[in-house]
Each structure stands twice: as structure tokens, then as C-alpha cells.
Chemist: 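Sending over a structure as C-alpha cells; questions will come in a sec.
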Amino acid sequence: MSVKRLITSTTKLKGEITVPGDKSISHRAVMFGSIADGITHVQNFLPGEDCLSSISCFRSLGAEINQNGSEVIIVGKGLGGLKKPEKTLYVGNSGTTIRLMLGILSGLPFESSLEGDESIAKRPMTRVTIPLSEMGADISGRNKGEFTPLTVKGQKLKGITYELPVASAQVKSAILLAGMQAEGTTTVVEPVKTRDHTERMIIQFGGSIERTGDKVVVNGGQNLVAANIVVPGDISSAAFFLAAGAIIPESEILLKNVGLNPTRTGIIDVLKAMGADITIEPYENGASEPAGDIRVTYSELQGTTVEGELIPRLIDEIPVIALLATQANGRTIIKDAAELKVKETNRIDTVVNELSKLGAKIEATEDGMIIDGKTNLKGGTVSAHGDHRIGMMLSIAALLCSDDVTLEQSDSVSVSYPGFFGDLYSLI
Ligand code: S3P
């Protein structure tokens with residue numbers, strides 16, 4: 001992650017983009033296909049580094065996976081078809097891969113070890129290992145299982161009821177994946193609803209799961225069967241172009257086939273609250289998850305407050321919301337978002353430090369940030385710090401700067417959007 005890129009300002013972005021497949025859904029399609037019985041076909045899979053890490057880990061567990069760009073075919077032999085890996089499973093930069101795999105590996109009858117890159121080594125794992133241990137899992141690791149490398153010795157699991165202390169779809173999913181292998185029933189209680197791709201996929205792969213209010217319930221001993229998954233475009237990738245279209249004068253961008261799962265569309269609510277000119281045309285094609293086209297046109301924006309139940313619906317979009325706020329009139333307050341500190345980087349610090357270098361009026365708080373706009377951004381040297389979403393946000397920021405911007409570690413974008421710069425330049 002050491003590639004420097006020089007980005008010059010532009011006056012307008014115009015055109016059409018089909019963003020790549022959703023990262024969260026692509027991971028889950030690989031995992032569910034590998035633990036189901038039969039042949040799973042995945043279309044519009046995201047061939048980004050994170051999802052390729054999931055493929056490589058499941059291949060090491062013996063799953064037969066053929067990937068050709070965005071087409072993936074998985075020959076699943078059920079959970080019983082997975083075998084002890086010969087070497088440590090390497091998850092790269094992917095928190096979703098390691099946390100969901102911990103749920104799967106906890107109940108399998110062999111020992112395995114997992115590790116990832118420098119960023120993964122700093123990310124908290126006890127949020128997953130504590131509930132899994134309550135279910136009977138045997139997981140050990142650095143600092144009492146808090147950090148990688150981790151070792152899992154598969155055990156017979158029992159169902160539990162677990163109230164999530166943090167709103168996290170990764171933790172919820174790990175518990176559900178363990179719960180499907182456990183004896184009895186497993187209930188996850190969510191303080192705030194998080195993305196529900198795992199729940200949807202359990203049903204698509206022939207399993208059963210129920211949600212009542214804030215509780216999600218699965219029964220143990222479930223066998224899954226192969227499915228055909230059509231992955232919609234990633235709204236978290238579309239978010240960079242939604243923001244660009246909203247803040248770069250004279251822009252008009254059409255984003256095709258964007259996933260519109262209501263647990264992920266917080267960015268649209270925020271853009272609308274800020275006064276952005278956005279129109280959505282939902283598809284009626286019965287695909288795996290809701291999707292549609294989104295058109296964004298430049299307009300004057302106002303500051304807003306982003307807080308509470310909205311946060312999990314846009315957690316990955318907060319870096320680009322901070323950029324939007326620098327171009328909106330008045331103050332924007334982002335709070336209840338302390339989770340940002342444990343993402344790929346501490347995203348409160350990286351967003352505040354890097355946008356400050358470009359002249360933004362932005363200040364960190366304990367659980368978010370405060371931004372005053374509208375500011376004229378200036379040029380300079382900034383860094384993605386190995387964080388894909390910071391890299392993409394800074395690239396959009398650079399288009400507005402009065403002087404050139406050098407973006408260090410620009411290749412970080414490949415984690416979720418390998419074709420990001422090509423798509424961006426196609427609009428100039
Ligand atoms: C993800 C859930 C979110 C999100 C991450 C992907 C998922 O993390 O930030 O990029 O696929 O379940 P948390 O669930 O830990 O908030």
C-alpha cells in the first residue's frame with residue numbers, strides 16, 4: 001500500500017456508473033455457498049481484496065471455488081465437507097472475513113488459526129470471542145483472545161441468548177452462524193438494527209430464521225442448500241459518487257443497480273436531510289436484495305445532525321459524510337459513532353487529521369466529529385493510511401481543492417473498489 005497518486009481539481013462530473021457488487025453480500029455468498037450442500041452460483045460478486053480473502057480462506061478449508069471476475073461457482077459439500085486447513089488462514093484486511101469465520105469454525109471438528117494484516121491485528125475480537133465462548137467455543141489469542149493471531153479448537157456448541165453490547169452486524173452474524181450448528185435455539189438481541197444480509201441469506205440458502213422486534217432467533221442443526229445469488233451494487237461504494245455529484249458544481253451522475261436494503265440506506269437519508277437533489281428508481285426484478293438506480297445532481301447543501309439509530313445504517317459512509325459537511329452551509333454534528341475508532345483505521349482520527357490538512361474546519365469528539373462549512377479546500381499531501389474508504393473520500397475531496405493533492409497509499413481502494421479510479425476518471 002505505497003502508491004502515490006496526484007489528483008487535480010475538476011469542475012463537473014457527468015455520466016453513468018455501475019458500481020461493483022456489495023462487499024458484505026459477496027463475503028456472505030462465499031461463506032454460505034461453502035457451508036451449503038450443492039452448487040452455488042454468485043453473479044456480480046465483488047472481486048475486491050477483502051472478498052478474495054474470504055475465497056482464499058474457504059479454499060484452504062477444502063471448498064471448491066471457481067472465481068472468474070464477478071462470477072463465482074462454489075461446489076459446497078455442507079459443513080461436514082470442510083477440513084482442517086494446512087496453514088494459518090490469512091484474512092488480509094477483512095474484519096468481516098475473520099469475525100464471521102470465527103462463528104463457523106467454532107463448531108467444526110478441527111483446529112484452525114487465523115491472522116490478517118497490521119490493521120486486523122489492532123481490531124478487537126473479544127466482541128465475537130466472548131459470546132462464542134458462552135456457546136462453548138474454544139478460542140485463544142494474543143491478550144486473552146482480544147487480538148490476532150487466533151486459534152479455534154472446534155467444539156460442540158449450545159444455543160444462548162445474547163444481547164449485543166455494540167450494534168454490530170459482524171458480531172450478530174458470527175453468533176447466528178455458530179447458532180445454526182449449536183444444540184437448541186440461539187437468540188441475538190440488537191440494541192439498534194444492523195444490516196440484515198446474514199438473515200436474508202439464511203433464508204435464501206433454505207434455512208430458517210425469525211425476527212420479532214429486536215430479537216433474531218435461529219435453531220441449531222440446520223442444513224443449508226445451494227442457491228443462486230445475484231449481488232446488487234454496493235451502496236457504500238456508490239456513496240463516494242453520490243457525495244461527489246452533490247458537492248461538485250454542475251455535476252449529474254447516474255448510479256445503476258445500487259443495493260437499497262433499508263439497513264444500508266442511511267446515506268440517502270442524510271443526503272436528503274442536507275438538501276441534496278437525489279432521485280431513486282427502484283427495480284422490480286425480484287433479485288436477491290432490493291436495488292435501483294440513483295441519480296444525483298449538484299445543489300447547495302445544509303449542515304445536519306447524524307446520530308442514534310441512523311449510525312449503523314451508514315457506519316461505513318461517515319468519512320464521506322464528513323466531506324459532504326465541509327461543503328454544506330452551517331454545522332454538521334456526527335455523534336453516537338464511537339465504533340469508528342475500531343474500523344480499518346481509527347476513522348475519527350484519520351478523517352479529522354486528513355481533512356484538516358486540506359483546510360477543513362473539523363474537530364474530533366469522543367463519539368464522532370463536528371464540521372463547520374462551507375470551506376474552500378486547498379491542496380496538499382494526504383494519506384489513506386491503508387484504509388480504502390479514507391482513500392476514496394480523499395480522492396473526491398481532491399477534486400474540489402484549489403491546488404493539486406498527492407494521495408499516499410491510494411492503492412488501498414482495492415480492498416472494496418479495485419476499479420474506483422477508472423470509474424472516477426470516466427466522469428471527468
Ligand atoms: C459489515 C458490518 C459493519 C461494517 C463492515 C461490514 C458486515 O461492521 O462496518 O464494513 O459485512 O457485516 P460492524 O458490524 O462491526 O459494525
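Values below: every heavy atom of this structure, side chains too, minus hydrogens, waters and symmetry copies. Atoms within each ligand, like the ligands themselves, are counted from 1 in listed order. Keep in mind the model is a prediction, meaning the values are calculated, not measured.
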Chemist: Does any donor atom in the side chain of Thr151 or Ser140 lie under 3.5 Å from an acceptor atom in the other side chain?
Modeler: no
Chemist: Show me the donor-acceptor pairs, under 3.5 Å and distance only, between side chains in residues 234-248 and residues at least two apart or in other chains.
Modeler:
| residue | atom | partner | partner atom | Å |
| --- | --- | --- | --- | --- |
| Asp234 | OD1 | Ser236 | N | 2.8 |
| Asp234 | OD1 | Arg264 | NH2 | 3.0 |
| Asp234 | OD2 | Lys23 | N | 2.8 |
| Ser236 | OG | Arg264 | NH2 | 3.0 |
| Ser236 | OG | Glu317 | OE2 | 2.8 |

Chemist: Say whether Thr350 and Thr345, considering side chains only, have a donor N or O and an acceptor N or O under 3.5 Å apart.
Modeler: yes
Chemist: Just by distance, with hydrogens left out, do Asp117 and Tyr90 show a side-chain donor and acceptor under 3.5 Å apart?
Modeler: no
Chemist: Does a side chain donor of either Glu49 or His388 reach within less than 3.5 Å of an acceptor in the other side chain?
Modeler: no
Chemist: For each nitrogen or oxygen atom of ligand 1, which protein N/O atoms lie closer than 3.5 Å, and how far apart are they, rounded to 0.1 Å?
Modeler:
| residue | atom | partner | partner atom | Å |
| --- | --- | --- | --- | --- |
| ligand 1 | 8 (O) | Lys343 | NZ | 3.1 |
| ligand 1 | 9 (O) | Asp316 | OD1 | 2.7 |
| ligand 1 | 9 (O) | Asp316 | OD2 | 3.4 |
| ligand 1 | 9 (O) | Lys343 | NZ | 2.7 |
| ligand 1 | 10 (O) | Asp316 | OD1 | 3.4 |
| ligand 1 | 10 (O) | Asp316 | OD2 | 2.8 |
| ligand 1 | 11 (O) | Ser24 | OG | 2.7 |
| ligand 1 | 11 (O) | Arg28 | NH1 | 2.8 |
| ligand 1 | 12 (O) | Arg28 | NH2 | 2.6 |
| ligand 1 | 14 (O) | Ser168 | OG | 3.1 |
| ligand 1 | 14 (O) | Ala169 | N | 2.7 |
| ligand 1 | 14 (O) | Gln170 | N | 2.9 |
| ligand 1 | 15 (O) | Ser168 | OG | 3.1 |
| ligand 1 | 15 (O) | Gln170 | OE1 | 3.4 |
| ligand 1 | 16 (O) | Lys343 | NZ | 3.0 |

Chemist: State, with a plain yes or no, whether a side-chain heavy atom of Ser54 is found less than 4.5 Å away from one of Met31.
Modeler: yes
